[in-house]
Each structure stands twice: as structure tokens, then as C-alpha cells.
2 protein chains.
Amino acid sequence: MCVVKTRSISETARQLHLTQPTVSQQIKRLQETVNEPLVMVNQQRIHVTEAGFALFQTCQQVFGHFDDYQDYLAELRGGERGRCKIAMVNTAQYILPKLLGPYSNLHPHVELPLEIGNRAEVLARFERGEDDIYVFSHPPSLEHAKAGRFLQNPLVFIAPTNHALASQTQVTLQDLVSERFLLREPGSATRMLFESELQSRGFVLSNTVQMASNEAIRVAVGSGMGLGVVSRHVLPPHDTSFCMLDVKDVNLASHWYFVVRTDRHLSHAARSFLKFAQLNLEQCLNKQWVTNELNLLNESLN
Amino acid sequence: MCVVKTRSISETARQLHLTQPTVSQQIKRLQETVNEPLVMVNQQRIHVTEAGFALFQTCQQVFGHFDDYQDYLAELRGGERGRCKIAMVNTAQYILPKLLGPYSNLHPHVELPLEIGNRAEVLARFERGEDDIYVFSHPPSLEHAKAGRFLQNPLVFIAPTNHALASQTQVTLQDLVSERFLLREPGSATRMLFESELQSRGFVLSNTVQMASNEAIRVAVGSGMGLGVVSRHVLPPHDTSFCMLDVKDVNLASHWYFVVRTDRHLSHAARSFLKFAQLNLEQCLNKQWVTNELNLLNESLN
DNA sequence: CAAACCCATAGATAAAAACCTATAGGATAT
DNA sequence: ATATCCTATAGGTTTTTATCTATGGGTTTG
């Protein structure tokens, strides 16, 4: 490379802080591997042959590609590029897009494949470490993982608008247990929380129907099929087909967590997203529910 | 490379006839130099990361460039590409183009820079080894060079059409020495040959004029300025302003030689040209003068 | 649940690459 | 002509690289 520019072996040696024989020998060996003369020495001047110049150009292009790769890595490390795979439980899909949208606009080159499943499915993915970030309400064992809370997940009781309890204030749990309840599958965080509350207070539901999604429950409640316990975030603001009950003696509240595995390398994009979330939670989500403890998570990831 | 394709370290090791730890370590070191994870191991499967795939692509392009270079070298070695620098004395420019034209048509990617000078200039170039092939009539010392004859170079005496000797047959050298002669510079092969002939027979020219080119001599002779000795090849076929003399007791004949240095690498294109010349002399030049001894030259160059 | 398979790591070795110093021969400049 | 500068070659040393064997810890599968 340098020899082509300086047209002198000695000068090249000086510039590269090497001795002249070293450079001579390098060239010699290069010529042997190529099996073609690359330079010719005449009157104390180096003349680059056709083959030599072609190799020079080839090398320039090659280095160009490696430079491009370096640039690519820089972007990757800066979180401007890459992939951040997020797996979330069903309920989280009502809130996470509000963070993902702005983030994606800011970093258009970051791929954000989302996996949505019920708790069991996401848990399996977590065990296998298939994603960068997991969103749980009830975080799993944290042996190989760290979690950070970022949002309250208040559970509310919903009933058809025309239900007897709908207009009543100060409803109690006792009033509810005889109702028919529409619930997600066992193991879902919402259901687990509700059932542990019931159990600790000695109640048992007599009439439950299992439904596979929050929408199904919401619509079913709206059409009078029974009562439901769902995350507050699931409810669309202006739906009048159902209403929230004012239950005075129950406060079912959990939190959403971002969870990452500590025994896996976390992609730069994922780190970048968590950083973004830490700084922009309040702007993207209703401040009322934000519980920003991501600073702890992010610090522990450095 | 192979790991990306097989998605398995062990399989790669088998294909490359290496052991598995070797491949593992190679990847590890590659990741250390790049300072970025390139693959991730999960469930006994290798997952290539973004950075890893980008590097894979980069490498493919790089290898592509080297392949291109190999192709280029192949063409170079085949004589289809490259450069063949030829230096020739003035007189040769009347004959060499007849070979160069067809050759250039056959190998359009070969550059053919021509250097034309008087004998002293070409000799200097030869000493410095500035060209691939030199064309001499009177070849220089062959200590570091080899030469091959390819064409007769008959010298003829020319006179104005209306000159007294023009119509005479059986002219002798004695008849000529008192004439004014137009000659090239001392050292030119033509002049050297003529002068050595004169000297060996004890003649001295009394009246000479030096001219810098064969054209100048031809035109000057045509306009009656004196006589000339020039290569037969210099004379255009249908010029009636001068005529050749029928000198019976002088036969000035030399040959054209291709000369190459043996202490310099000869470009593939130059070898290719000499080979072409060997095979096509008779087709390109007047058979009458061809003396094809290039087979000897070419064989000694292998 | 054991056998088979996968990958990671440690430690050792042999080959190669990368340099250096010393030296010699040719070209250039003073 | 003599000092200077250039490149080539020889010989030797120090790193670096490329591999291997041995081993250990997980996964998958019969």
C-alpha cells in the first residue's frame, strides 16, 4: 500500500517505523504468494507493475469494505442499528407500543420484532433466552435475570353497564364472588393475582369461564356474559358497553417489568431501547401509572 | 464463513478437517478482535448475530475482490491484458506497425506504448531497461540481453530521378564516393554500416550532410540535394521523385532484431507479442524480407 | 436416565510470520 | 572519486498463529 504511494521502499520503512529490509522482504513474499512481480526496481526508483497496481486497487477496495464494517459496528454499538427482540405477555401489547413507536421513529434502522404470547409461552421463550427483552407483570425467578419496574398494572373489575352493581358504590369482594367471572387461562398474571387474593381471604369463585384474550373478555362482559378482572390498560377510553366497579376492599395492583437475562449478551439495540424507555416513560405513557425504576436496571447492566 | 452456512461449529470442523475446539477458538478470537459478539449459542444451535452476518457479507465481498484479482492475473498471464512497452529506432517505425496492428486487434486490452528515437536514445533506454522489447538493426552488446532476427533490412542507394547515375546499371562504389551524401547522425545503424563498408575498402566521403530523419533524407534526395543510403523499407512504393541505384559491388544488408533484457522480468504481454510475431511474421510483412528466427528467442525465454 | 452430541476452556506444541542487524552491490550526487 | 542513498540477501530472534488433546458442562434423544 504505502510503497505504491511513496514509490520507495526506504521511505515506506521510515513512515511505518520499520527497517528497510523488512519492507523489502514483505514485498518479496507478497510477490511469491501472488506469483507475479508487483514492483520493478530501476534507477533507485520503484515502478509498480500492472499486476501491482491492480492489487493495490483491490486492497483499497478491501479496506474500504472493512471500514464500512467498522462504521456499521459503530452504528450498532450506538444503538442506531441492529435488532431488539421483545417478547411480551398479551396484556402488555396495550401499553408497549406507546414506547416502541417513538423509539422506532428515533432509530429507524433498529429492527423491533415483537413476540406476543400468554404467560406460559413468554416464560418458555425466556427460559430459552430467545429474545433480548421480556415484558412480564409477574416476573419469573431472577436467578439469571434482572428486572426493572416501569409501570403500574392496576386491575379493575368490569361489569356490563346495566349490571346491578354497576351503579353501586362501595362494592365489596363478598358482593362479587357469586357472580360469573370471565377469566384468562390459569397462570396468567392477572388471574394469578386475583386468585391469590381470593384464596387469602377464603373466597372461592363458583362460576368462571375461561377466555383466551382480553378483548374477548371485554366484549363478552360488554354483552352481559358476566364480570371480568382485567388490567386497567386494556380498557379503551370511550367504551360505554361496560363499566368499572367501585370495589372498596380490594386493591389488585401489580407492575410491569422489563426483564433481561444476565447470562446472555444483551444487544446494543436492546440497551438503547431500555435507556430510551428510562428517559421517555413519562412522555410516552400516562404519568399517573408510571413507576420508573429503570435507572436501577440500566445501571446494573453496564 | 463456513460456520454461518452450517450453523454448527462441530459440523464446520468436520468439513474443514479440523477439530471442534480449533473452530471454537477461531471464532472466539475473531470476536475479540472485532470486539463484538458474532454468534450466539442457544439450544445447541448457532445463531449468527447482526454483526456476525454483516461480517460474513463483508468477507464475501472481500473474497469476491480477490477472486476478481485472480481472474485479472489469469488474463495478464494469458497475454490478454497488460502492457508491452516497445522502443524502436526511427527506421523501424516503417515496419513494426504492420505487426502491431494485427496484434492489437487480437488483444485489445493490451496496452502498446511505443517509444521511437534515434539509435543513441533507444540504446540509452535499453541500458536503463525502460521497456520490454527493443527493436534494433545493429543489436547492442548482448551481455544482459537476447536478440532474435525477424526481418532483413536491405540498404539501398537512392538518387534523384534525373541524376546521371540513375539510369546507369552496374554502378560501383567508386562512382559514388565523390557525390554529396545525405546521412543520418553518426551512430545510426544505417550510417555505421555504410561507413564501415567504406572504411574497409579505403574510401572516404568528401561531402556529407547530416539530416535528422529518413523522411528528410528521402525528400531532400528527391529534390536533388544529393544521394542517400536508406533502408529499403523506408521508401514509399510509388514515389517517382527519386530512384534506387543499381550498385553492383556493394551489398549493405543487416537485419532487424527484437531484443529483450534477460536481467529484467519480461511482461506476459511482451512474451505474448513475441509469440504472435513468430507465428504471424509471414502474414504481416512482405515474405521477401522475413528472416524468422524468433523461435530461438522465444524458446530461450521460457 | 444414560448415551450421544454440542460447545467452551485450558494447556501444550509446532509452524509461520514479523522483525531486526549486518552486509553487499549498484546508482547518484558532490 | 568518494560519500550517500537505494535495494537485496542472509541469518537469527521474538511473537503470533494455528492446531491438537483432554476435559467439563449443557441438551437432546432413545
Side-chain angles (χ1 to χ4, degrees), chain A residues 1-49 52 55 59 123-130 141 143-145 261-265, chain B residues 1-49 52 55 59 66 123-131 141 143-145 261-265:
Chain A
M1 294 292 312
C2 186
V3 172
V4 174
K5 286 172 196 149
T6 62
R7 299 172 61 78
S8 156
I9 287 182
S10 297
E11 180 57 28
T12 300
R14 270 176 240 119
Q15 289 185 14
L16 302 184
H17 306 295
L18 295 171
T19 62
Q20 168 265 315
T22 301
V23 179
S24 280
Q25 208 183 335
Q26 294 272 16
I27 291 175
K28 191 182 170 191
R29 291 209 297 133
L30 188 57
Q31 290 180 149
E32 279 163 5
T33 60
V34 169
N35 203 21
E36 192 69 31
L38 301 173
V39 300
M40 308 203 38
V41 180
N42 212 311
Q43 322 299 111
Q44 299 198 215
R45 271 240 118 53
I46 296 285
H47 296 274
V48 179
T49 65
L55 181 57
C59 289
L123 210 48
R125 298 186 68 86
F126 170 77
E127 289 301 335
R128 295 186 183 163
E130 293 184 28
S141 145
E143 198 175 336
H144 299 294
R261 294 197 63 123
T262 51
D263 57 350
R264 293 257 191 288
H265 175 83
Chain B
M1 293 291 313
C2 186
V3 172
V4 174
K5 287 169 194 151
T6 62
R7 301 173 61 77
S8 156
I9 286 182
S10 296
E11 181 56 28
T12 300
R14 267 175 243 122
Q15 290 185 14
L16 301 183
H17 307 294
L18 295 170
T19 61
Q20 168 264 315
T22 301
V23 180
S24 280
Q25 208 183 332
Q26 294 272 17
I27 291 175
K28 190 182 172 191
R29 291 209 297 134
L30 188 57
Q31 290 180 148
E32 280 164 4
T33 60
V34 168
N35 204 20
E36 193 68 32
L38 300 173
V39 300
M40 306 200 45
V41 181
N42 213 315
Q43 320 302 109
Q44 298 196 220
R45 270 241 122 52
I46 296 284
H47 296 273
V48 180
T49 65
L55 182 57
C59 289
F66 283 126
L123 210 48
R125 298 187 67 86
F126 170 77
E127 289 301 335
R128 295 185 183 163
E130 293 185 26
D131 310 271
S141 147
E143 201 176 336
H144 298 296
R261 297 196 60 125
T262 51
D263 57 349
R264 293 258 190 289
H265 174 83

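By convention in this document, chain letters (A, B, ...) are assigned in the order of the sequence lines, proteins followed by strands, and residues within each chain are numbered from 1.
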Output a table of nitrogen or oxygen pairs between the protein and nucleotides 9-17 of chain D separated by less than 3.5 Å.
none

Atom-pair distance ([atom1] on [X]; [atom2] on [N]), nearest Å:
X	N	atom1	atom2	answer
A:R45	D:dC6	CZ	P	10 Å
B:Q26	C:dC7	CD	P	15 Å
B:L16	D:dC20	CG	P	10 Å
A:M40	D:dA8	CE	P	11 Å
A:H47	D:dC6	NE2	C1'	13 Å
A:I27	C:dA18	CD1	P	14 Å
A:N42	D:dT7	CG	P	12 Å
B:L30	D:dT19	CG	P	14 Å

What's the angle between the local helix axes at either end of the helix from C:dC1-D:dG30 to C:dT30-D:dA1, using five pairs per end and rounding to 10 degrees?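 Nearest ten degrees gives 30° for this helix.
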Taking the minimum atom-to-atom distance to the side chain of A:I9, which one of D:dA18, D:dA8, C:dC20 wins? D:dA8
Minimum-distance nucleotide to B:V41 side chain [options: D:dT7, C:dA18, C:dC7]: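 Output: C:dC7.
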Identify, with sequence neighbours excluded, every residue that meets side chain to side chain donor-acceptor pair (under 3.5 Å) alongside B:T262.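 Applying side chain to side chain donor-acceptor pair (under 3.5 Å) to B:T262 gives none.
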Tell me whether A:T12 contacts the main-chain N or O of A:S8 through its side chain, where contact means a donor paired with an acceptor under 3.5 Å.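 Looks like yes, one N/O pair under 3.5 Å.
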With [X], which residues qualify under salt bridge (charged side-chain N to carboxylate O under 4.0 Å, His left out), at least two apart?
X	value
A:E36	B:R77
A:R261	A:D263
A:R45	none

Looking at [N], I'd like to know if its phosphate oxygens (OP1 or OP2) sit under 4.0 Å from a side-chain N or O belonging to [X].
X	N	value
A:R14	D:dC6	yes
B:S10	C:dC5	no
A:T19	C:dC19	no
A:S8	D:dT7	yes

side-chain contact (heavy atoms from CB on, under 4.5 Å) evaluation trace for A:T49 with A:V39: CA-CA 5 Å; A:T49 65; A:V39 300; 5.7 Å; no
Could you give the distance from CD1 (A:I46) to CD1 (A:I27), rounded to the nearest 0.5 Å? 6.0 Å
Contacts under 3.5 Å, N or O only, protein and nucleotides 25-30 of chain C:
| residue | atom | partner | partner atom | Å |
| --- | --- | --- | --- | --- |
| C:dG26 | N2 | A:Q44 | OE1 | 3.4 |
| C:dA27 | O4' | A:Q44 | OE1 | 3.0 |
| C:dA27 | N3 | A:Q44 | OE1 | 3.3 |
| C:dT28 | OP1 | A:Q43 | NE2 | 3.4 |

Taking only residues two or more places apart in sequence, or in another chain, which ones meet A:R14 in a side-chain contact (heavy atoms from CB on, under 4.5 Å)?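 side-chain contact (heavy atoms from CB on, under 4.5 Å) check on A:R14 returns A:S10, A:E11.
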Go through B:L30 and B:L38 one step at a time and tell me if the side-chain contact (heavy atoms from CB on, under 4.5 Å) criterion holds. CA-CA 8 Å; B:L30 188 57; B:L38 300 173; 3.7 Å; yes
Which side chain to side chain donor-acceptor pair (under 3.5 Å) pairs, counting each pair once, include a residue from residues 23-34 of chain A, with sequence neighbours left out? A:Q20-A:S24
